[in-house]
Amino acid sequence: AEAEVEAEGNLSQGILEIQGANAVWLDPVAVLNGAYSQYQVSYSRYYSRPSFGNLHSSSSSAGAACSEGNTRKRKRKKTYTPNEKEVLAELRHKESRSSISHAHSSFLATRPPLSSSKATMDSLSGNCPASQQLSTLADANTNTSEDAEVDFVRLAELWQAPLYELNYLRKSSQGAESDVRWCQHMESRATPLFGSFVEHEEEALAECAGCTFILPRNCRFLMSDVSHIHQLIPEHPDFGYNLILIDPPWENKSVHRKSLYPTLPNRQLLSLPIKQLVHREGALLALWLTNREKLHQFVEKELFPAWGVQLAASWYWLKLNDSGHMISPLDLQHHKPYECLLLGYLPGNKQAAYSDETAQEDLMSMRETVCYKAPPNKFVIMSIPGDHSRKPPLGSLLSQYAPGPHPVTGLELFARELTPGWTSWGNEPLRFQNLRYFHNR
Ligand code: SAM
């Protein structure tokens, strides 16, 4: 019980170091909630995928899947000769296997509190999603329909797309008079939804396409197709990014079949202007990868060399169910319970001189250049997965390894949510900012 209480305490920021292992347990909802003062991400909405329901009963089902996988394997052994890619994939898996397995057994020994109880708390304490409460706010000047989702990718294809605007509703805090003034001021700042940077300092509510969105403090985003990505290139490397997180829409049969989001061919990723985005003092780049061997080969041999990235470490995201078991057996051939995050460094251009000396001094006085440490290799992050393809929030874990000024200037490419202090870009960066994913504090 003592170990559990201690673990609960350490988990308040959402991240728990696992003693004796190169690993952490991460509660994504708790991490995300560090970004908001008036609202909280709802556990029940974060884990609303039907598969999460299945996971509830799966301490035994993981075992069942295990034996099923073994049986399949055993049957196969007699007749099946793996091809070259499968042999390489198996070798790659073997390299990661012991770190992942050790991290998981150490995690089980730590017995940290899992999210399931919190998800239940969400509903028991009447913390219904904020979109259902919004109708009671007298000054919410919107016709928000409860729980609606906006399909930004489809909206962007309509002829009316340039006419869509993001309208600020009110500051999210409930102060009265100052809010009205702020509101009037912000109303004049309605911004085109597509193709324009939206940037602001305070937590706020905004409306577009009949839905309400919560914008965390100090966030910046650009909603556009990849054909407009050049808008992200800073005027000068001093204004570049020193931490770049990328989760590309890799071509993938399952994503295609379920029409989850559009995908991009590898050749389009090769031409992303990564070098032009980098801060003068360099950048740490983190790239999410699926387990396809072909993709690993592409990244190592073509993509990283084309972007100028020097590989530094491989991290693993191990997906657990709410009983703490892996979502599938570790050795299952085509459905591993983990995904890979590759970390690499991009050199900066220290020679680049900035002509406006005053602005440069301002920059230097605000932020401090820190000595960064190299990231650990084979580091394991364990968490319960939410929506399809939704990755755990890793900004705070990654930032300690970023070169250049701190706090970091982060950039997330192909983002579906906003992070304070970061620029988020993609064709749907407001997706998980919809009020339906939050409840009031
Ligand atoms: N990291 C995200 C998360 O944790 O929720 C998931 C990103 S998902 C793998 C890839 C994203 O890229 C999707 O939101 C998809 O709509 C977006 N995308 C696909 N094609 C795009 C394009 N041509 N331009 C911009 N974004 C695109």
Side-chain angles (χ1 to χ4, degrees), residues 14 26-29 31-32 35 41 45-49 51-52 149-157 161 193-197 213 216 219 221-232 243-274 277 285-292 295 299 303 315 317 319 338-342 381 383-398 410-419 422-434 436-437:
L26 189 144
D27 175 348
V29 176
V31 174
L32 291 172
V41 175
R45 281 291 161 91
Y46 188 93
Y47 292 118
S48 60
R49 244 206 304 179
S51 63
F52 183 70
E149 286 258 36
V150 179
D151 184 342
F152 292 107
V153 180
R154 197 187 55 81
L155 273 195
E157 288 165 357
L193 180 61
F194 297 107
S196 293
F197 275 104
F213 297 86
C219 76
F221 70 90
L222 171 67
M223 176 136 46
S224 78
D225 182 72
V226 72
S227 48
H228 296 277
I229 198 173
H230 59 273
Q231 283 182 265
L232 289 172
L243 178 49
I244 303 176
L245 177 62
I246 314 181
D247 185 13
W250 300 111
E251 287 185 317
N252 175 318
K253 275 189 202 140
S254 145
V255 169
H256 189 68
R257 199 175 48 244
K258 295 179 193 159
S259 302
L260 292 166
Y261 47 76
T263 56
L264 279 178
N266 289 352
R267 70 185 144 72
Q268 270 196 273
L269 298 169
L270 280 169
S271 62
L272 293 183
I274 302 296
L277 297 171
L285 180 139
L287 177 76
W288 283 105
L289 269 185
T290 66
N291 284 314
R292 275 172 61 217
L295 212 54
V299 170
L303 194 62
W315 286 15
W317 171 35
K319 301 174 204 177
Y338 63 90
E339 284 185 46
C340 189
L341 181 75
L342 293 184
I381 299 135
S383 73
I384 304 176
D387 256 293
H388 192 284
S389 289
R390 192 170 187 182
K391 305 301 188 299
L394 298 186
S396 63
L397 275 180
L398 290 169
L411 170 66
E412 182 174 355
L413 299 182
F414 304 105
R416 295 196 295 184
E417 62 197 316
L418 309 178
T419 308
W422 285 56
T423 298
S424 308
W425 168 85
N427 61 11
E428 49 175 357
L430 287 184
R431 165 84 180 263
F432 293 123
Q433 299 307 132
N434 192 318
R436 73 190 299 277
Y437 292 102

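As the structure lists them, so they are numbered: ligands from 1, and atoms in each ligand from 1. Position 1 is the first residue of the sequence, and the numbers go up from there.
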What are the two closest heavy atoms between Leu411 and Leu277, and how far apart are they?
-> CD2-CD1, 3.8 Å

So which heavy atom in the protein is nearest atom 13 (C) of ligand 1, and how far is it from that ligand atom?
-> Glu428 OE2, 3.5 Å

Nearest heavy-atom approach of Leu32 to Arg390 is CD1-NH2, 3.7 Å

Nearest-neighbour protein heavy atom for atom 17 (C) of ligand 1, which is reported as residue plus atom name and distance | Asn427 OD1, 3.3 Å

May I ask you to list the atoms of ligand 1 that are less than 4.0 angstrom from any heavy atom of Leu264?
-> 23 (N)

With heavy atoms and a 4.0 Å threshold, my read on which part of Ser224 contacts ligand 1 is backbone

Any idea which atoms of ligand 1 are less than 4.0 Å away from a heavy-atom of Trp425?
-> 25 (C)

Is the backbone of Asn266 close enough, under 3.5 Å, to the side chain of Glu251 for a donor and an acceptor to pair up by distance?
-> no

List the closest protein heavy-atom neighbour of atom 7 (C) of ligand 1: residue, atom name, distance to the nearest 0.1 Å.
-> Phe414 O, 3.2 Å

Lys391, portion touching ligand 1 at heavy-atom distance under 4.0 Å | both

For atom 24 (N) of ligand 1, the protein heavy atom that lies nearest, with its residue and separation | Val226 N, 2.9 Å

Per-atom contacts, ligand 1 versus Phe432 - under 4.0 Å to a heavy atom | 5 (O)

Under 6.0 Å between ring centres, would you say that holds for Phe213 and Phe152?
-> yes

Selected option - heavy-atom contact closest to atom 10 (C) of ligand 1, from Asp387, Asp225, Asp247 = Asp247

Backbone N/O of Leu245 and side chain of Trp288: donor-acceptor pair under 3.5 Å | no

Looking only at non-hydrogen atoms, find the nearest pair between Thr419 and Cys219 and report the distance.
-> O-CB, 4.1 Å

For Ala156 and Ala161, the nearest pair of non-hydrogen atoms, with its separation, is O-CB, 3.6 Å

Tell me: protein heavy atom nearest atom 19 (C) of ligand 1, and distance?
-> Pro262 O, 3.0 Å

Applying a 4.0 Å heavy-atom criterion (strictly less than), which segment of Pro248 is in contact with ligand 1: side chain, backbone, both, or neither?
-> backbone

What protein heavy atom sits nearest atom 5 (O) of ligand 1, and how far off is it?
-> Arg416 NE, 2.7 Å

Side-chain donor/acceptor of Glu412 to backbone N/O of Trp422, under 3.5 Å = no

Are any of the side-chain nitrogens in Arg431 or Glu417 under 4.0 Å away from the carboxylate oxygens of its partner?
-> no

With backbone taken as N, CA, C and O and side chain as the heavy atoms from C-beta onward, which portion of Phe152 lies under 4.0 Å from ligand 1: side chain, backbone, both, or neither?
-> neither

Please check if the distance between the ring centroids of Trp425 and Phe414 is under 6.0 Å.
-> yes

Looking at atom 9 (C) of ligand 1, what's its closest protein heavy atom, distance included?
-> Tyr261 OH, 3.1 Å

